[in-house]
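Shown next, in structure tokens, is the structure this report addresses.
Everything numeric here is computed off the predicted structure, so don't read it as measured data. All chains are named by letter (A, B, ...) in the order of the sequence lines, taking the proteins before the strands, and each is independently numbered beginning at 1.
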Amino acid sequence: MAEVVRTVETEDPVRPLFSPTGELTPEARSRIGLDPEGLRDLYRKMVLIRRVDQEALNLQRQGELGLWGQYLGQEAIHVGTVAALESEDWIFPSYREFGMAMCRGIDPAEILKFFRGLSHGPYDSRKHHFAPLTIVVAAQIPHAVGFAMGSRLKHSRDVTLTTFGDGATSKGDWHEAMNVAGVFKAPVIFLCQNNHWAISVPLAKQTAGSIAERAQGYGFPGIRIDGNDVLGVFAAVRAAAERARRGDGPYLIEAMTYRMGAHTTSDDPTRYRLQAELESWSAKDPIGRYREWLQGRGILDEATRAAVEREAESTAEGMRTRLRSITPGPAGEAIFGRVYGNPPDSFVEEREEFESSLEGS
Amino acid sequence: MAEVVRTVETEDPVRPLFSPTGELTPEARSRIGLDPEGLRDLYRKMVLIRRVDQEALNLQRQGELGLWGQYLGQEAIHVGTVAALESEDWIFPSYREFGMAMCRGIDPAEILKFFRGLSHGPYDSRKHHFAPLTIVVAAQIPHAVGFAMGSRLKHSRDVTLTTFGDGATSKGDWHEAMNVAGVFKAPVIFLCQNNHWAISVPLAKQTAGSIAERAQGYGFPGIRIDGNDVLGVFAAVRAAAERARRGDGPYLIEAMTYRMGAHTTSDDPTRYRLQAELESWSAKDPIGRYREWLQGRGILDEATRAAVEREAESTAEGMRTRLRSITPGPAGEAIFGRVYGNPPDSFVEEREEFESSLEGS
Amino acid sequence: MEPVTMAKAINLSLREALTRDENVLVFGEDVGALGGVFRITDGLQKAFGEDRVFDTPLAESAIIGIAVGLALRGFKPVPEIQFDGFIYSAFDQIVSMVAKYRNRSGISMPITIRVPFGGHIGAVEHHSESPEAYFTHTAGLKVVAPATPGDAYALLQSAIADPDPVIFFEPKARYYLKEEIDPVRQVPLGKARVAREGSGVTVIAYGPTVSIALEAATAAEKENMSLEVIDLRSLSPLDMPTVLESLRKTHRAVIVHEAPVFGGFGGEIAARIADDGFDLLAAPVTRVGGMDAPYPPARYEKLYLPDVDRILEEADVALAYG
Amino acid sequence: MEPVTMAKAINLSLREALTRDENVLVFGEDVGALGGVFRITDGLQKAFGEDRVFDTPLAESAIIGIAVGLALRGFKPVPEIQFDGFIYSAFDQIVSMVAKYRNRSGISMPITIRVPFGGHIGAVEHHSESPEAYFTHTAGLKVVAPATPGDAYALLQSAIADPDPVIFFEPKARYYLKEEIDPVRQVPLGKARVAREGSGVTVIAYGPTVSIALEAATAAEKENMSLEVIDLRSLSPLDMPTVLESLRKTHRAVIVHEAPVFGGFGGEIAARIADDGFDLLAAPVTRVGGMDAPYPPARYEKLYLPDVDRILEEADVALAYG
Ligand SMILES: Cc1ncc(C[n+]2csc(CCOP(=O)(O)OP(=O)(O)O)c2C)c(N)n1
Ligand SMILES: Cc1ncc(C[n+]2csc(CCOP(=O)(O)OP(=O)(O)O)c2C)c(N)n1
Ligand SMILES: [Mg+2]
Ligand SMILES: [Mg+2]
């Protein structure tokens, strides 16, 4: 029997950085490898994306967007993750990663076309190495694995990261992708944003087990960390990425956080969760905690802080203005334009008929 | 963070019965709870189903069956599992569980109708508490979980067992079912027959991880055991079943064995595996090992052994004769008879037309 | 009884089923405390308890898979798939298991799979699909799509009572249509209805397109064109007698559904009319449907979907034909 | 070059593609050392290495899902689904991702999904399905089904070269059909062929039913009935011009496929003929297909499937009509 018993032998550079409960150790924090400018930039980005999140919510309420899903409370994961990766590393997001997209330099007004009902995929994924937002839960996870397998085949050093929610871990695609990644030692990082809720379903009804502990069942390591600590997220993703770059294969990071807002603007959380839970998590707010840490070290002065607030305001303002100024593209292009690379004649005719019928009306 | 860290707290009555490498401990073996008659019956059943497996192979070669998939080498799992369950406990099999079906008292000649192309489901699942053979890998696993959830809702004490191969553990359905079972604490036993191959794909290319260790990720225990030891299988299934009956929820058993034959009669294993591997496993043959153990304890004398051989011969002979005597049912009934409980008029008409067209010809 | 919305009618029908038969179970994503994203199951968990109305993990294939096991255990599962676009990951369990299980085992599968479907709600991708043709082609399944609150109530009763699996498509854009419903009125599976009598052209619709067809008929009247509107209600089995009956009067037909026309269910209807009704036809049977492209961003859905004008155009062509 | 079987022709076509373009990858269950359960990929792993021809775990959804990722990375994936009946668990990845990804992102998905399909091989359940209608209805996909070794070779070249996703259905019961093939002959997607000229009735077939249609034509000749046989080759896009061209001559059509008739792809063909070809028709377009029941046990498959007699019967009816 012994010969067939297999356990995870690959070394784990992430685990030593964290306490058993998933807190970044003081030593690891002190050796984070970011200069004051870099440390401030993490703060700046968290403030910016939170302000934009709020602005998008306002826009939805004012009828400018069909839908909005806040990431309020999950900013540390969005910012820490992108900062830890190299710009060539592709990210395969779910639908709540607006903040990550911004950190990749995508114009927030452009992304909002998605929520304004103007486009299923408004930005250039190849330019930003950021795959389209994916509505079908977990469907992007095997894509990331295939992409990472491809990177290996091309002997490229880039790694791939895919992120998803706690609910996504219940889907068959999550499992099939994890297992295939393990078999092919694909350079891919699985980042679970465990925000405790899948719409109205709490974590305890989503799974009776531990998500992070599942990794060993696929032959690679996993860890549960504090997802509201931007430096912890940065350190974990950085270490997991370096490991994957070295060719040591996949890693699963379960970042514990909390969905402070509604699932989306169509949702009413008062029907299923208690205010108290929310309050206990406000105390762990990723921005507040990090601000205090920076201030405690004298890395963030009032002037800088005020400047960041001003920048956030103008970013939100700019987004609002640009969004309002967007004129929808022509219907023919929007409906037929990107379906085929080599459109069949019948399809071209259908488009022409459609377009002439519009001129007609 | 601490509050969200969850680990498997339910007690595990199976683990203490086994050594770290999955061998039943001498103490557990001595306390197996079977009298000499019961111990002999396990031997008898293994011999019977192996002989019938050989007979079915012959029948296929003689053109009497369209296909045959041998379970040669996996008899200990088939026999030990059924012996450990109560007759009301439903079993949800894959397609290789002919031996289990026989142990449930199903006439082997009847089951062969499946492989003779006469029926998709030749036996009465409700009578034998044995679900139909399932060709779609892993598809039966969620059925077992739903059935077990139903047993709980009906406050019945029966437990459900589903069995599948190592390849099946790569499917999304396997994962979704495991997770749902954990959440609802369903009284279900997941029995993986890890025979090291999925057609031509070896275990190492099927997963880089450990199947048994995955259970904790779903909130219940799992164990890897020697699947060629009938008493080990019996003890593990019995203990897991008692645990589930007590309401402690699911259990995963990974029984290590080896597919000694081809995948099916359509397969040619010489294209992908070495004779040497086969030989190393012949040494662990479940029947030979158990016979020696019984003889060592004077529980099996030559007369009994000869009687069992004779019974096996006549069972095979009887199966062959009954199979040959089967006359296929009428086509109308075979094609249309069981599709709907409340057949639409158009469907009834189609059947009538079909049947009259047959009279025509 | 005052008028209720279709959403409420379905809720009442589920209550009735849960009350009448203790083996009826309602489950799916967010159907419990939340009452479903459309509030169709509102209050059911409170009324019938967590054993009979429960949330599942986010796993469509398992939702249908456990329904099969529960049916084997003697229950009548009524699982919900939250949106049309998320039924695809349960496709294997539906097509290979739910639809074929009785044929395989002789054991009935009284499963009713509720699916809000169709567009016109301004949603993001995957929330406006019309996948009915994938299921009408699957032997062993029955497929239903009500267009009114009353029919939704009654057809759901029939679906749950039926021993066979039923895919119950709810036109989500019509959840807020209101009408008085009669809880005792029975609507069997497989029976279409004439939603409006007419003499010129038969417009065949189901689910969300029935009200558009009726609008078209009203508009047509002003142009002295008379449209008869047939609401199929059941797609499989398909009520051809009612369709042909109408053709005997009009000799012309236009079929309307939201799904893309190519390979859509309209093709089956048109093919049958053109075969069984060959001698009745004075003009080609035409189809008005979604474009042969994926469902577009919300801003463009009205142009993608069938509307009154496109129906009237085809009716004009049919009347002017030959 | 001496005659080769369709199985060999597909193998040669894959070799050619792997040789010509280093971005072509072949993967799936058992395609490596075993060479596939039908030996279609025989020797490819040895010739091109484990990086380009590899076995995957038993996970159809992941097989298609990684194909999407590999396509994004610049590869041309040619995944195999081992049997028709096992494609359903990949349905979400195919319908929601492969088919719609370009529409969503502007990035092409040059993926060719090979699927042995159809019956007549005496197999157990789920090994004889004809799921083509589920894919022809899915905008964004192209669907191909060759009937001869030469077309299988050429169409696979066209499918792999095409920037769009193609479901490539291989008629497994015809894997051993033999003919000489010409590797330079090109067959574009979307072009049907007249497999046999005739004047009385047009028989429209694809994949496994083409040879049955040709047999029927031969048998018909003896009864002085002349059948023209059209081999569609591509189902989507569908070559209606070639079909209508034939109808102008025969004015009668019989459609033949193995899938159940109800909601099958024949409905789309019949509906289009009855619309675009309304004035050409001297008789109703009829369909010969599988029964509207799940695929039966092997002993009964010949009775379930279309055969020469059923084709001739419908042709007779068409000719005798009116
Ligand atoms: C396959 C699928 N099923 C259902 C839905 C509907 N839905 C959208 S988000 C969601 C919950 C997702 O929860 P989680 O994965 O934790 O992500 P979060 O929303 O918390 O970020 C559900 C059920 C979907 N989009 N896709
Ligand atoms: C969903 C699905 N995919 C592919 C197949 C074809 N197939 C039949 S058996 C098999 C291998 C199964 O291996 P395993 O689960 O280990 O069971 P074993 O045959 O070893 O008993 C495969 C790929 C199938 N039946 N179902
Ligand atoms: Mg969540
Ligand atoms: Mg195996």
Review point. Yes or no on side-chain contact (heavy atoms from CB on, under 4.5 Å) for Val201(A) and Leu58(C), after CA distance, side-chain angles and deciding distance?
Key: CA-CA 9 Å; Val201(A) 179; Leu58(C) 207 173; over 6 Å; no
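- Contact detail for Phe114(A) and Val124(C): the closest heavy-atom pair is CE2-CG1, 4.0 Å.
- Each of Ala198(A), Gly329(A), Ala138(A) has some count of heavy-atom pairs under 4.5 Å with chain C, and the biggest count is that of Gly329(A).
- Looking at Leu118(A), the atoms closer than 4.5 Å to chain C (heavy atoms on both sides) sit in the backbone and in the side chain alike.
- Val136(A) touches chain C through backbone and side chain together, each having a heavy atom under 4.5 Å away.
- Nearest heavy atom pair, residue Pro297(C) against residue Ala334(A), reads CD-O, 4.4 Å.
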Once you leave out hydrogens and angles, what donor-acceptor pairs under 3.5 Å do chain A and chain C share?
| residue | atom | partner | partner atom | Å |
| --- | --- | --- | --- | --- |
| Gly117(A) | O | Ala298(C) | N | 3.4 |
| Gly117(A) | O | Arg299(C) | N | 2.8 |
| His120(A) | NE2 | Tyr295(C) | O | 2.8 |
| Lys171(A) | NZ | Glu60(C) | OE1 | 2.8 |
| Lys171(A) | NZ | Ser89(C) | OG | 2.7 |
| Ser200(A) | N | Asp30(C) | OD1 | 2.9 |
| Ser200(A) | OG | Asp30(C) | OD1 | 2.7 |
| Gln206(A) | OE1 | Leu58(C) | N | 2.8 |
| Arg271(A) | NE | Leu34(C) | O | 3.1 |
| Arg271(A) | NH2 | Leu34(C) | O | 3.2 |
| Arg271(A) | NH2 | Asp42(C) | OD1 | 2.7 |
| Gly329(A) | N | Tyr300(C) | OH | 3.2 |
| Gly329(A) | O | Tyr300(C) | OH | 2.8 |
| Glu350(A) | OE2 | Asp292(C) | N | 2.9 |

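- Residue Pro344(A) does not touch chain C at all, counting heavy-atom pairs closer than 4.5 Å.
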